[in-house]
Amino acid sequence: MQDNINQTNEHVYFINQLYRDFLLPEILGKDTTTILYWAGKRISRHYNLSSFDDLVDFFTHAEFGKLEKVKERRTSTIFELSGQTVSDRLNSDSKEFSLEAGMIAEALQEESNRTTECEIKILDKEEKVQLTATFN
């Protein structure tokens, strides 16, 4: 049973890596970051992700990694994305997490009814990604 799960996880990771880390940057070029951010917002609207719990479930299902809320303030919320998928992506020099940032921004905007933007910070030593959603 565990071998089947590992094969499925490896397959999903391979597909994600193929599309997001190779094919899309080849097609989108210098606009990759911006387009993936807006695509993330669109995905969030399409799948009606309107809360933190919705995001956690989606990120788990899509094998994006483990999303945790680290700090919550009146004007911002800090998240960390971690796990084997994130470590693998960072170790393969893929530091593109704009899709995830766009999804977070849109979901929190929907939840709070406040314009929201999300910034990305790579925590190389910890093999995590910090995503800071700021409310306007």
Checklist entry - Any ring pair (Phe, Tyr, Trp, His ring centres under 6.0 Å) pairs touching residues 74-127, not counting sequence neighbours? => result Phe52-Phe79
Item to check | Same apolar cluster: Val70 and Val56, side chain cutoff 4.5 Å | outcome: no
Could you give the distance from [atom1] ([X]) to [atom2] ([Y]), rounded to the nearest 0.5 Å?
X: Asp31; Y: Leu24; atom1: CG; atom2: CG; value: 12.5 Å
X: Ile78; Y: Lys121; atom1: CD1; atom2: NZ; value: 9.0 Å
X: Leu99; Y: Ile35; atom1: CG; atom2: CD1; value: 12.0 Å

Checklist entry - Hey, mind stepping through Phe64 and Met103 against side chain to side chain contact (heavy atoms under 4.5 Å, CB included) and telling me if it holds? => result CA-CA 12 Å; Phe64 286 175; Met103 292 175 69; 3.8 Å; yes
Checklist entry - Can you check side chain to side chain contact (heavy atoms under 4.5 Å, CB included) on Leu67 and Phe58, steps first, answer last? => result CA-CA 10 Å; Leu67 185 66; Phe58 189 92; over 6 Å; no
Checklist entry - Can you list every pair that meets side chain to side chain donor-acceptor pair (under 3.5 Å) and has a residue in residues 95-110, with sequence neighbours left out? => result Arg20-Glu100, Thr33-Glu96, Lys41-Glu106, Arg45-Glu106, Arg89-Glu100, Lys95-Asp124, Glu96-Ser98
Item to check | Summary of side chain to side chain donor-acceptor pair (under 3.5 Å) pairs that have at least one residue in residues 65-78, sequence neighbours excluded | outcome: none
Next on the checklist: Who clusters with Trp38? Use side-chain heavy atoms, under 4.5 angstrom, across I, L, V, M, F, W and Y, and order the result by chain and number.
Outcome noted: Tyr37
Heavy-atom donor-acceptor pair, [X] side chain to [Y] backbone, under 3.5 Å:
X: Thr116; Y: Arg114; value: yes
X: Thr32; Y: Gly29; value: yes
X: Ser44; Y: Gly40; value: no

Checklist entry - Minimum heavy-atom separation for Phe59 to Leu81, with atom names? => result CD2-CD1, 3.7 Å
Below 3.5 Å, can you tabulate the donor-acceptor pairs from side chains in residues 126-136 to any protein atom, sequence neighbours excluded?
residue : atom : partner : partner atom : Å
Glu127  : OE1  : Ser87   : OG           : 3.0
Glu127  : OE2  : Asn91   : ND2          : 3.2
Lys128  : NZ   : Glu80   : OE1          : 3.2

Checklist entry - So which pairs with a foot in residues 46-57 pass salt bridge (Lys or Arg N to Asp or Glu O under 4.0 Å), sequence neighbours left out? => result none
